[in-house]
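Below is one structure, written out as structure tokens; comments come after it.
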Amino acid sequence: ILGGNVKGGANYNINQNHNVYVNAGYYSKQPFFNAVYPNNRSTVNPNLTNEKILGFEGGYGFRSANFNANVNVYNTNWDDRYLRGNALPTSATIPAGTTYTEYVGLNEVHSGVEFEANAPITEKLRVNAMFSYGIWEYKGNATSNAYWIADNTPVPGYTSTTLYMDKVKVGDAAQMTASLGASYEVLTRVFLDANY
């Protein structure tokens, strides 16, 4: 399956202290190997499709001798994401370790705002801070399929099951983070730093 990406952007320096920028990109991402050949068997997955990622970002930067800061906002749509799942729960008809699941048609929207700043307090002491707030949610519904590991055939009753994902938070990523830190030059070009 052919894929690829295209990206572009522009930056405008208002003056030596201020700049603004925008960028955008589109990525047609081919499936990973475990999506092409589920369970490492020599059978091609019939549900193959590229994942489609469209992102936009814009921001503002400030630079001075005493303070530097960047603020940016972003929005990314990630469609047709493929995820390999775990085995089905063990039951009287499903022995442990005999199945696997896959999730197809997952659509995600990642949007948020990010801020980072640093300031030299003295010639040797510098403080830095950052804050990020995101709203990462699934969009629409997806489908779950379950297969036998032995031959990749569907598990009866567990294939093409609708997953009601709309507005559910995307896991595995912090959606709000912040940090505060400082660094001190104890010797020439030797720094001691700490971050919380």
Requested in this report: Could you state whether Val22 and Tyr74 fall into the same hydrophobic cluster, counting links through intermediate Ile, Leu, Val, Met, Phe, Trp or Tyr residues with side-chain heavy atoms under 4.5 angstrom apart?
Outcome: no
Requested in this report: Supply the atom-to-atom distance Leu187 CG to Leu192 CG, rounded to the nearest 0.5 angstrom.
Outcome: 10.5 Å
Query raised in the report: Is Asp80 close to Tyr82 at the side-chain level, that is, under 4.5 Å between some pair of heavy atoms?
Result: no
Query raised in the report: Are Val109 and Ile135 grouped together when hydrophobic residues (ILVMFWY) are joined by side-chain heavy atoms under 4.5 angstrom apart?
Result: no
Requested in this report: Would you please test Tyr158 and Ile94 for side chain to side chain contact (heavy atoms under 4.5 Å, CB included) and show each step?
Outcome: CA-CA 11 Å; Tyr158 290 94; Ile94 302 175; 3.8 Å; yes
Query raised in the report: With a 3.5 Å cut-off and no angle check, do the side chains of Glu51 and Trp78 form a donor-acceptor pair?
Result: yes
**Report entry** Student check: side-chain heavy atoms of Tyr12 and Ile14 closer than 4.5 Å
**Finding:** yes
Report summary line: So ring pair (Phe, Tyr, Trp, His ring centres under 6.0 Å) across residues 38-66, not counting sequence neighbours, yields His18-Tyr60, His18-Phe62
Query raised in the report: So which heavy atom on Thr90 is nearest to which on Pro95, and how close?
Result: CG2-C, 4.2 Å
Query raised in the report: Which heavy atom of Leu48 sits nearest a heavy atom of Val44, and at what distance?
Result: CD1-CG1, 3.8 Å
Query - Residue Asp151 excluded, over 12 heavy atoms near CG under 6.0 Å - result: yes
**Report entry** Euclidean distance, Leu106 CG relative to Lys139 NZ, rounded to 0.5 Å
**Finding:** 12.0 Å
Report summary line: Note: Ala174 and Thr177 closest approach over all heavy atoms is CB-CG2, 3.5 Å
Report task. Could you tell me the separation between the CG atom of Asn5 and the CG atom of Leu54, rounded to the nearest 0.5 Å? Result -> 12.0 Å
Query raised in the report: Are Trp148 and Leu88 close enough that some pair of their side-chain heavy atoms sits under 4.5 Å apart?
Result: no
Report task. Report whether Met176 and Leu180 are members of the same hydrophobic cluster (ILVMFWY, side-chain heavy atoms less than 4.5 Å apart, transitive linking). Result -> no
Query - Side-chain donor/acceptor of Asn145 to backbone N/O of Ser160, under 3.5 Å - result: yes
Query raised in the report: Would you say the side-chain atoms of Thr99 pair up with the backbone N or O of Ala87, donor to acceptor, closer than 3.5 Å?
Result: no
Query raised in the report: Mind checking whether Val104 and Glu102 have side chains closer than 4.5 Å, heavy atoms only?
Result: yes
Query raised in the report: Mind checking whether Ile53 and Trp136 sit in one hydrophobic cluster, side chains of I, L, V, M, F, W, Y counted as touching below 4.5 Å?
Result: no
Requested in this report: For the pair Tyr103 and Thr143, evaluate side chain to side chain contact (heavy atoms under 4.5 Å, CB included) and give the outcome as yes or no after the intermediate values.
Outcome: CA-CA 6 Å; Tyr103 307 104; Thr143 301; over 6 Å; no
Query raised in the report: In this structure, are over 12 heavy atoms from other groups packed under 6.0 Å from Phe115 atom CZ?
Result: yes
For residues 122-134, which side-chain donor-acceptor pairs fall under 3.5 Å, sequence neighbours excluded?
residue, atom, partner, partner atom, Å
Thr122, OG1, Lys124, N, 3.2
Thr122, OG1, Leu125, N, 3.0
Arg126, NH1, Asn118, OD1, 2.7

Query - Closest non-hydrogen atom pair between Ile1 and Pro31, with its separation - result: CD1-CD, 4.4 Å
Requested in this report: State the CG-CG distance between Asn23 and Asn11, to the nearest 0.5 angstrom.
Outcome: 10.0 Å
Report summary line: Between Thr161 and Gly157, the two heavy atoms sitting closest are OG1-O, 4.3 Å
Query raised in the report: Mind checking whether Ile149 and Thr98 have side chains closer than 4.5 Å, heavy atoms only?
Result: no
Query raised in the report: Are side-chain heavy atoms of Arg63 and Asn70 found at a separation under 4.5 Å?
Result: yes
**Report entry** Pairwise distance CZ(Arg81) to CG(Asp79) - rounded to 0.5 angstrom
**Finding:** 12.0 Å
Query - Step-by-step side chain to side chain contact (heavy atoms under 4.5 Å, CB included) determination, Tyr164 to Asp166 - result: CA-CA 6 Å; Tyr164 298 97; Asp166 197 43; over 6 Å; no
**Report entry** Side-chain heavy-atom pair Glu114, Val73 within 4.5 angstrom cut-off
**Finding:** no
Report task. Answer yes if the side chains of Asn50 and Ser28 hold a donor-acceptor pair under 3.5 Å, and no otherwise. Result -> yes
Query raised in the report: Under a 4.5 Å cut-off applied to non-hydrogen side-chain atoms, are Asn72 and Tyr21 in contact?
Result: yes
Report task. Report yes or no: is the cationic atom of Lys29 (NZ for Lys, CZ for Arg) under 6.0 Å from the centre of the six-membered ring of Phe32, at an angle within 45° of the ring normal? Result -> yes
